[in-house]
Number of protein chains: 2
Amino acid sequence: MDEFQLIEKYFNCNEIHRRDVKLGIGDDAAIVKVPQGFELVTTVDTLVEGIHFLKNTPAEYLAQRILTVNLSDIASMGAKPCWMTLAVTLPKVQTKWLNQFSKVFFKLAKQHQIQLIGGNVSRGPLTFTLNAFGLVPKGTALKRSGAKNRDLVCVTGALGDSALALAGLTKKIKLPRSSQAKLRAQYFAPQAQIAAGLILRHYANACIDISDGLIQDLQHLLDASGKGAKLYLSKIPLSRFIRQILDKQQALGYALNGGEDYQLLFTVAAKKIAALEKKLKFYVIGQIDQTKRLKLVDENEEIIQLNKKGYKHF
Amino acid sequence: MDEFQLIEKYFNCNEIHRRDVKLGIGDDAAIVKVPQGFELVTTVDTLVEGIHFLKNTPAEYLAQRILTVNLSDIASMGAKPCWMTLAVTLPKVQTKWLNQFSKVFFKLAKQHQIQLIGGNVSRGPLTFTLNAFGLVPKGTALKRSGAKNRDLVCVTGALGDSALALAGLTKKIKLPRSSQAKLRAQYFAPQAQIAAGLILRHYANACIDISDGLIQDLQHLLDASGKGAKLYLSKIPLSRFIRQILDKQQALGYALNGGEDYQLLFTVAAKKIAALEKKLKFYVIGQIDQTKRLKLVDENEEIIQLNKKGYKHF
C-alpha cells in the first residue's frame, strides 16, 4: 500500500463534510473559507513515542491524545475547532493499528464536527503532529495576556490525576487496583474543555490550558499579563482518587506540577463569578495582584515553599 | 535550555510582522485574519532523517528543503504564502545547528514575507513537519481537477536534476566534478515556483507540483480531471548537466520518474499560450485528451513503454 492508498483508506473520512471546506484531502493543498466577522486560531503539537507517550500505548489512546493536546489549545482561546491537518510517521504499516487509530480519531472528530483537510503519512519513528484550526468571532479570542488586577484565578476541574496515573504506569508509585482503570483513562484519554472555552469567551479576561502543570502554566499567564497572583493551596480541586491514594502534601505536588490535565486555567472579574457559575462548573483557586510574583499560600495566608518545576520538554 | 527558551531564541523571528497576524508565537494558539474576498489554502509535509533526507545533511539545506516542499504545494494552487507553523523534533539541542537552521529558514521566510505563527520543539528523532498557509482570491485557486480536453500540458522548468544529484550523493552514479556543486544545490536547495503559481492562476486550468516524478504527478492530475494525455518525450526539458552526464534514454528516465523537481506541471488552453509566454518561461510537453490513459510518445507519435514508477512513500 502506498501513501495515497493509505490516506484514502484510513485518513479520508467521508462522514465529516463541512460547508466551509471547499476542497479537502486529495489535492496539493486544501481550500477553506473563514466566515466574515471571524478570525482563525491555529496551533500545532507533536507527540513522539518514548518522549510524550509510552511504547506500546494502544492506538485508540494515541488518537484521543493527539486530538486533545491540540483541541485543548483551541479551547483555551475560546475558539470553536473546525479543521485540522495530521502528519503521521509510522515505522511500518499495520492494518489493525491503523484501523483502531482511525476509528477513534474520526469518532471524536465527528463529535466536534472537525474535518481533516490535509495529511501526511510517511515511514519513520512513531510520531504525530497535528495542526488544529478554530474559528472565533473577531476580537473575542481569549489570550494569556488579559489578566487584570483583582481578577479571580479559576480552574475548570480537578488536577493531578493524569500525573498520578503516569507515575502508576511507570511504576514510580503503586496504585490500588480499584482506581487503576479510571486513572489510566484520565492519563490516556483526557478531554479537551471545548464547551467550557466557548462559555469562558464571554466572561474570562485571560485563559491558558494546563498542559505543563498548574504552577508553570499560571506563571506563563502571569508573565504574559505582567501580573502576580496568590494561589490558595487549600482551594485547589483534587479528585477523590488522588485524595484516597496520597496524603495531602503529595497530592498537592501532583496537582501543582503534574501537567497534562488539560483543564482550563482562567481569570475573571469577581463581579462576573455569580453569572458564570450558572453556566459552568469551576473552582476559584487564587487572585491576581500587581506584585509580578506567584505566591503559594495556605489557609492562614502564609506563604508556602514548594518545588516549582513543571514538565520540561528538553 | 527548555522548549520556551529554545523557541524564543531560535524560532521567534522579530523581523517578520504581517498585519494580518493578530497574535503570533507565544500563546496557546495564534490568531490570524483572512482578508474579505479571499480563501485560505493549507498543506502539511514532513521530512524524516534517513527517509526524506540523508543523515548529516547540513542544517541550511534542511531549512530550505522543508520550506520548499510545502511552499511548492501552495504555489501549485496559485496562492500567495502568508503564514506557517513548524514542528521540529531534535535528538539533542545543538546551538550551532539551530543557529544555521534558523538563519536560512528566516532568510527565506523574509524573502516571501511568510510569518511563523506557531511552533513545537521537542526531543525525538530528527523530523520536520511544516504546515504552510496561503491566500487566494475567492474561487481562483488552481486544482488538479480542472484539466480540459485539448489543453496543452506544460512544465515550468527542466526535470531530473534533483534525482540525478541524489544518485550521485548515494554513489549510484559517478558525477563529473564540474557539475557536482550545481547538481547538489538543485537537490538540496530547490526553489518553490511561487511567482509562477501566481501568474498561472490567471491562465491555467489545472496544476500540480512535481514532487513524486513527472509521470506519477501527471497521472494524479489526469485522475483528478478524469482525462488522459499524450506526453511528448522529445519535448521534456532536460538541463545541460543531465544531457552532458547521461545518454538520452537515461536522462529521460530521471526526468520522468525522478521526483523532487518542484517545478509546476499545468494544463492551459492552446489559445492562451501566446499570452502566457509573455509572462512566464515554460515548456509544452503534451496534450490532454479524453482517453483516460497517459501515453508516452516519441517524435513519430509512436507509443513508448517505460518504467512508470515514481517515488513511493512506503
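Chain A is the first sequence line, chain B the second, and so forth, proteins listed ahead of strands; every chain is numbered from 1. Computed from a prediction, not measured in an experiment: that's the story for all the values here.
- Of the inter-residue distances, the one linking A:N131 atom CG with B:T42 atom OG1 reads 6.5 Å to the nearest 0.5 angstrom.
- With chain B as the partner, the residue from A:P125, A:G118, A:S72 showing the most heavy-atom pairs under 4.5 Å is A:P125.
- The parts of B:A30 that come within reach of chain A are both its backbone and its side chain, each placing non-hydrogen atoms under 4.5 angstrom from that chain.
- Of all the listed residues (A:L221, A:D20, A:T127, A:I208), the one sharing the greatest number of non-hydrogen pairs under 4.5 Å with chain B is A:I208.
- With respect to chain A, the highest number of heavy-atom pairs below 4.5 Å among B:T85, B:L142, B:V32 belongs to B:V32.
- A side-chain hydrogen bond (donor to acceptor under 3.5 Å, both in side chains) check over residues 27-38 of chain B, counting only residues at least two apart or in different chains, returns the pairs A:S76-B:D28, A:R144-B:D28.
- Of the listed residues (B:L86, B:I31, B:L40), the one with the most heavy-atom contacts under 4.5 Å to chain A is B:L40.
- For B:V44, the parts lying under 4.5 angstrom from a heavy atom of chain A are both the backbone and the side chain.
- Summarising the geometry, atom CG belonging to B:L23 is positioned 7.0 Å from atom OG belonging to A:S145; distances are rounded to the nearest 0.5 Å.
- Taking chain A as the reference chain and counting heavy-atom pairs below 4.5 Å, the highest number among B:D209, B:V34, B:I74, B:N70 is found for B:D209.
- The contact between B:T89 and chain A is made entirely by side chain atoms (from C-beta outward), counting heavy-atom distances below 4.5 Å.
- Counting heavy atoms of neighbouring residues, nucleotides and ligands inside a 6.0 Å radius, atom NZ of B:K227 exceeds 12 of them.
- Contact detail for A:S122 and B:H52: the closest heavy-atom pair is OG-CE1, 3.3 Å.
- Taking every heavy atom of both residues into account, A:V48 and B:G124 meet most closely at CG1-CA, 4.2 Å.
- With a 4.5 Å cut-off on non-hydrogen atoms, B:F38 does not touch chain A at all.
- Separating the CZ atom in A:F128 from the OG1 atom in B:T129 is a distance of 12.0 Å, to the nearest 0.5 Å.
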